[in-house]
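Note sheet for the following structure.
Heavy-atom basis, side chains included; hydrogens, waters and symmetry copies ignored.
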Amino acid sequence: MLMADIEQENVCPRTWNYDLTFFKNLFNYLIKNGYVKTNPFQGFSSRKTGPKTRTIIPRADRAKIKKYFQKLKMSEYIIIMKLCYRCFIRPKEISMLKVGDINFTEGLLRIPSSVAKTHNERIIALPSEIFRYFNTLNTVERNKYIFSDNFKPGETYVRPQKIQRTWQKMRQKLQLPKEYQFYSLKDTGITEMLESGVPIKYVKELADHHS
């Protein structure tokens, strides 16, 4: 996909900068190894990013959000939200997970180093409500992505931008504050876990944060 195509999707500055860096590095590698002569992404500039506008989502509003997707029969998207809220998995990491990353015997989920933002593989114990859904995928081919375009398993992965757009559409429909970002689910889960007395070291490792 060209950056012009990405621009048409009206992605946020951080996503733009992430994708731009990836493609620039990819083509620099291809140039170095003689596969191509020029880097078509060299002319694109990074976008200015402001402070992250995240906040904690109160329990009452989380209930409204869940009810909204339940009415639309979008149970798979609810699982995506829970992976962020309960397991602190990033949207881009969620989009790249495959059925083969699920340990159906132990109820575990592997985040491969090739998928993780920090390139650190981690193993996550799945909460029961998430594992119940994952267990229904036991007969699905292991090389399929857990979430495809329709949020069901498929050959191609769902783009993180679609996860974000689905969230934004819900937020507008329910007239919730725009400070409620999808990533706010992770911030909310981390805050609640710390407030419940879980050791900071454990929370930091589960969230895959350096500090």
Side-chain angles (χ1 to χ4, degrees), residues 54-112 115-118 121-138 140 144-154 157-171 173-174 176-177 179-198 202-209:
R54 298 178 189 158
T55 190
I56 305 305
I57 305 176
R59 185 182 301 273
D61 286 339
R62 294 203 307 271
K64 291 179 184 177
I65 293 170
K66 182 178 180 180
K67 187 175 180 180
Y68 169 87
F69 288 110
Q70 285 176 330
K71 284 186 175 181
L72 294 178
K73 300 187 185 304
M74 295 179 64
S75 57
E76 293 82 8
Y77 192 83
I78 293 175
I79 294 297
I80 290 176
M81 291 192 300
K82 287 183 176 181
L83 285 170
C84 187
Y85 169 62
R86 295 292 306 278
C87 302
F88 310 154
I89 305 178
R90 302 173 179 92
K92 195 171 186 69
E93 295 171 339
I94 293 172
S95 71
M96 298 298 293
L97 292 173
K98 293 188 174 183
V99 176
D101 295 320
I102 305 170
N103 184 325
F104 293 98
T105 304
E106 303 293 335
L108 304 174
L109 179 65
R110 180 176 72 100
I111 312 296
V115 169
K117 180 180 179 180
T118 58
E121 178 178 301
R122 61 191 194 276
I123 305 296
I124 297 173
L126 293 169
S128 58
E129 70 269 26
I130 297 177
F131 184 63
R132 278 196 298 270
Y133 168 73
F134 277 5
N135 211 27
T136 66
L137 309 181
N138 202 9
V140 177
K144 286 193 174 181
Y145 291 96
I146 297 176
F147 304 104
S148 190
D149 287 337
N150 57 358
F151 300 122
K152 299 179 187 295
Y157 67 90
V158 61
R159 287 185 61 79
Q161 290 83 357
K162 182 170 183 178
I163 296 176
Q164 302 286 359
R165 286 197 298 268
T166 302
W167 175 269
Q168 291 166 2
K169 183 177 179 180
M170 170 278 301
R171 190 182 62 211
K173 189 76 173 178
L174 297 181
L176 295 173
E179 287 77 18
Y180 287 8
Q181 303 290 319
F182 181 86
Y183 220 89
S184 298
L185 292 169
K186 182 178 180 182
D187 295 332
T188 302
I190 289 173
T191 301
E192 290 183 349
M193 188 171 285
L194 289 172
E195 288 178 346
S196 68
V198 177
Y202 174 80
V203 178
K204 179 176 71 71
E205 292 175 352
L206 180 60
D208 194 29
H209 286 179

Run the side chain to side chain contact (heavy atoms under 4.5 Å, CB included) test on Phe147 and Ile94 for me, step by step, so that the C-alpha distance in whole Å, both residues' side-chain angles and the decisive distance to 0.1 Å come before the verdict.
CA-CA 8 Å; Phe147 304 104; Ile94 293 172; 3.8 Å; yes
From CA spacing to verdict: salt bridge (charged side-chain N to carboxylate O under 4.0 Å, His left out), Lys98, Asp101
CA-CA 5 Å; Lys98 293 188 174 183; Asp101 295 320; over 6 Å; no
Candidate pair Val99 and Phe104, rule side chain to side chain contact (heavy atoms under 4.5 Å, CB included), full reasoning:
CA-CA 10 Å; Val99 176; Phe104 293 98; 4.0 Å; yes
Before giving the answer on side chain to side chain contact (heavy atoms under 4.5 Å, CB included), spell out for Gln164 and Arg159 the whole-Å C-alpha distance, their side-chain angles and the decisive distance to 0.1 Å.
CA-CA 9 Å; Gln164 302 286 359; Arg159 287 185 61 79; over 6 Å; no
Between Cys87 and Leu109, does a side chain to side chain contact (heavy atoms under 4.5 Å, CB included) hold up when you go through it step by step?
CA-CA 10 Å; Cys87 302; Leu109 179 65; over 6 Å; no
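For Pro91 against Tyr183, the heavy-atom pair with the smallest separation is CD-CE1, 3.6 Å. Considering every non-hydrogen atom in both Arg122 and Leu206, the closest pair reads NE-O, 3.8 Å. Listed here is the closest heavy atom pair of Glu129 and Ile79: O-CD1, 4.1 Å. Scanning both residues, Ile65 and Met81, for their nearest heavy atoms gives CG2-SD, 3.8 Å. Listed here is the closest heavy atom pair of Arg110 and Leu97: O-CD2, 3.8 Å. In plain terms, the two heavy atoms of Leu185 and Cys84 that are nearest each other are CB-SG, 4.0 Å.
Between Phe182 and Trp167, the two ring planes are perpendicular [angle over 60°; tilted spans 30° to 60°].
At distances below 3.5 Å, at least one donor-acceptor pair connects side-chain atoms of Thr188 with backbone N or O atoms of Ile57. Counting only distance, with no hydrogens or angles, the side chain of Arg86 and the backbone of Pro127 share no donor-acceptor pair below 3.5 Å.
Rounding to the nearest 0.5 angstrom, the gap separating the CD atom in Glu195 from the CD1 atom in Ile56 is 8.0 Å. For the atom pair Leu176 CG and Ser184 OG, the distance stands at 11.0 Å (nearest 0.5 Å). Atom CZ of Arg165 sits about 11.0 Å away from atom NZ of Lys169, to the nearest 0.5 Å. With rounding to the nearest 0.5 Å, the separation of OG1 in Thr136 from CZ in Phe131 is 10.0 Å. Between Ile78 atom CD1 and Lys67 atom NZ the span is 12.5 Å, to the nearest 0.5 Å. Interatomic distance, Ile111 CD1 to Ile123 CD1, rounded to the nearest 0.5 Å: 8.0 Å.
In this structure the side chain of Ile163 reaches within 4.5 angstrom of the side chain of Tyr77, judged on heavy atoms. Within the 4.5 Å cutoff, side-chain heavy atoms of Lys162 are placed close to those of Thr166. You'll find the side chain of Met74 stays beyond 4.5 Å of the side chain of Tyr68, heavy atoms only. Here the side chains of Leu126 and Tyr133 are not in contact, with every heavy-atom distance at 4.5 Å or above.
The residues Lys117 and Glu93 are annotated as not salt-bridged, no charged nitrogen and carboxylate oxygen being separated by less than 4.0 angstrom.
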